[in-house]
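First comes the structure, then the notes that go with it.
We're numbering straight along the sequence, starting at 1. This is a predicted model, so every value here is computed, not measured.
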Amino acid sequence: MLANQASTEERFLLLGFSDWPSLQPVLFALVLLCYLLTLTSNSALVLLVVRDPRLHTPMYYFLCHLALVDAGFTTSVVPPLLANLRGPALWLPRSHCTAQLCASLALGSAECVVLAVMALDRAAAVCCPLRYSGLASPGLCHALASASWLGGLTNSIAQTALLTQRPLCAPRLLDHFICELPALLKLACGGDGYTTESQMFAARVVILLLPSAVILASYGAVARAVCRMRSSGSRRRAVSTCGSHLTAVCLFYGSAVYTYLQPAQRYDQAQGKFVSLFYTVVTPTLNPLIYTLRNKEVKGAARRLLGSLGRGQAGQ
């Protein structure tokens with residue numbers, strides 16, 4: 001009966017965490033809390049960067065783009081996840097599933113590129129401090145940010161288009177909480193599957209491993225520059241500046257590489273759900289804390305903003 005309903009209505013049944021019914025209320029509360037924190041903290045970070053002239057630097061410009069990507073990325077995932085956790089397994093029309101896949105792929109891919117661009121920026125700041133203002137010109141920063149969004153959108157369109165060429169077998173039971181690529185590929189059948197999956201895998205390798213190579217090369221250059229520094233204070237500043245970014249990179253890339261750089265046949269659905277939950281919900285919540293918890297400039301901007309708001313209310 002499920003098979004007939006799914007095939008005639010072209011819908012996917014997202015099983016979500018229905019295998020763990022006792023866990024669903026706890027997950028609902030945690031996911032909702034993380035989502036609210038993500039929206040609040042990333043919005044506050046963008047507001048501070050836009051309003052405070054002292055934060056109008058390349059580092060905070062790219063951090064602002066990362067905050068926008070994180071807020072959009074988690075928004076593309078969390079609403080259907082919360083609906084799934086509140087009740088039974090969720091039926092999702094194929095068009096909605098494709099739209100969610102396209103949005104989450106575009107934003108996730110854009111984050112890969114933004115993190116690589118941020119690594120380049122940090123390498124330029126540490127390795128070429130005297131030429132940094134000329135290297136990180138506003139025009140170049142705008143171009144790199146635009147390339148990040150465009151690269152993510154291009155990868156998403158290519159992957160989604162390749163997936164739509166594959167017929168999906170009934171029953172369309174998706175053992176996941178979102179329409180994620182590895183889980184959808186589990187349903188693929190017929191057609192020239194090997195060629196299409198090879199093309200999709202190659203696209204995933206490019207969007208994940210190419211930025212990873214840029215990040216490794218950038219921090220290799222940073223490590224060499226730090227070793228040549230004679231001042232311990234300069235070393236501490238360089239390590240402090242780059243440490244937060246490295247933490248965010250490890251959190252995001254570790255889970256993304258596990259999810260996307262393995263053949264569909266080896267993809268473990270149960271493990272995949274929890275890994276996806278981490279990098280789509282938890283990581284966007286942690287990123288603002290990682291970048292701002294020990295950042296004196298952001299704390300100062302927050303104090304100045306709160307002070308100006310307080311003076312405005314007192315004047316009224």
Side-chain angles (χ1 to χ4, degrees), residues 1-3 5-7 9-41 70-105 107-108 111 159-160 163 168-188 204 251-287:
M1 183 176 178
L2 284 176
Q5 187 179 7
S7 60
E9 296 186 11
E10 285 291 311
R11 297 193 298 174
F12 293 98
L13 180 61
L14 272 67
L15 299 179
F17 294 93
S18 55
D19 292 346
W20 296 277
S22 59
L23 189 61
Q24 289 191 89
V26 178
L27 284 177
F28 179 87
L30 289 175
V31 169
L32 181 60
L33 176 63
C34 285
Y35 184 49
L36 295 176
L37 287 174
T38 298
L39 293 182
T40 303
S41 57
D70 277 338
F73 186 39
T74 193
T75 298
S76 71
V77 170
V78 167
L81 170 58
L82 290 175
N84 203 325
L85 290 171
R86 284 280 294 182
L90 179 69
W91 281 104
L92 201 64
R94 183 165 184 169
S95 59
H96 293 189
C97 195
T98 303
Q100 185 197 59
L101 173 67
C102 191
S104 60
L105 269 178
L107 292 161
E111 181 154 352
Q159 296 267 21
T160 306
L163 181 67
L168 302 178
C169 298
R172 295 182 176 88
L173 304 177
L174 200 63
D175 191 10
H176 212 295
F177 61 86
I178 56 171
C179 295
E180 194 169 50
L181 194 58
L184 286 168
L185 284 173
K186 281 277 191 180
L187 302 180
R204 296 199 296 275
L251 287 174
F252 181 80
Y253 272 92
S255 50
V257 166
Y258 170 84
T259 302
Y260 286 98
L261 292 190
Q262 60 176 313
Q265 296 80 7
R266 298 180 186 177
Y267 181 71
D268 188 304
Q269 301 272 33
Q271 289 183 0
K273 281 188 279 192
F274 286 98
V275 172
S276 298
L277 190 67
F278 182 80
Y279 83 87
T280 58
V281 177
V282 179
T283 300
T285 307
L286 295 177
N287 277 346

Roughly how far, to the nearest 0.5 Å, is the [atom2] atom of [Y] from the [atom1] atom of [X]?
X: Leu184; Y: Arg94; atom1: CG; atom2: CZ; value: 8.5 Å
X: His176; Y: Cys97; atom1: NE2; atom2: SG; value: 11.0 Å
X: Leu185; Y: Gln159; atom1: CG; atom2: CD; value: 8.5 Å
X: Leu85; Y: Leu32; atom1: CG; atom2: CG; value: 10.5 Å
X: Leu105; Y: Phe73; atom1: CG; atom2: CZ; value: 8.5 Å

Could you tell me if the side chain of [Y] sits less than 4.5 Å from the side chain of [X], heavy atoms only?
X: Phe12; Y: Leu173; result: no
X: Leu251; Y: Phe278; result: yes
X: Val31; Y: Val78; result: yes
X: Val77; Y: Ser276; result: no
X: Cys179; Y: Leu92; result: yes

ask   = Within 45° of the ring axis of Phe177 and under 6.0 Å from its six-membered ring centre, is that where the NZ or CZ of Lys273 lies?
value =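 No - Lys273 does not lie over the ring of Phe177 by the 6.0 Å and 45° rule.
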request  = May I ask you to establish whether Arg86 and Phe28 are in a cation-pi arrangement, using a distance under 6.0 Å from NZ or CZ to the six-membered ring centre and at most 45° from the ring axis?
outcome  = yes
task = Without swapping roles, check the side chain of Ser18 against the backbone of Leu15 for a donor-acceptor pair under 3.5 Å.
result =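 Here the side-chain-to-backbone pair exists.
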request  = Measure from the side-chain N and O atoms of Thr74 to the backbone N and O of Thr280, and report whether any donor-acceptor pair falls under 3.5 Å.
outcome  = yes
key: Check: Ser104/Ser76 side-chain N/O donor and acceptor closer than 3.5 Å   =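 The answer is no; no qualifying pair exists.
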Residue pair Thr285 / Tyr35, side-chain donor-acceptor N/O under 3.5 Å = no
message = Going by side chain to side chain donor-acceptor pair (under 3.5 Å), name the residues that satisfy it together with Ser41, two or more places apart in sequence or in a different chain.
response = none
request  = Of all the heavy-atom pairs spanning Arg204 and Leu181, show the shortest one and how long it is.
outcome  = NH1-CD2, 3.6 Å
Worked check of side-chain contact (heavy atoms from CB on, under 4.5 Å) between Phe17 and Leu27 = CA-CA 9 Å; Phe17 294 93; Leu27 284 177; 3.7 Å; yes
query = Could you go step by step and tell me if Glu180 and Leu174 meet the side-chain contact (heavy atoms from CB on, under 4.5 Å) rule?
reply = CA-CA 9 Å; Glu180 194 169 50; Leu174 200 63; over 6 Å; no
task = Carefully, step by step, assess Val282 and Leu277 under the rule side-chain contact (heavy atoms from CB on, under 4.5 Å).
result = CA-CA 7 Å; Val282 179; Leu277 190 67; 5.6 Å; no
task = Show your working on side-chain contact (heavy atoms from CB on, under 4.5 Å) between Leu14 and Asp175 and close with a plain yes or no.
result = CA-CA 6 Å; Leu14 272 67; Asp175 191 10; over 6 Å; no
Pairing residues for Cys34 by the disulfide (SG to SG under 2.5 Å) criterion, not counting sequence neighbours = none
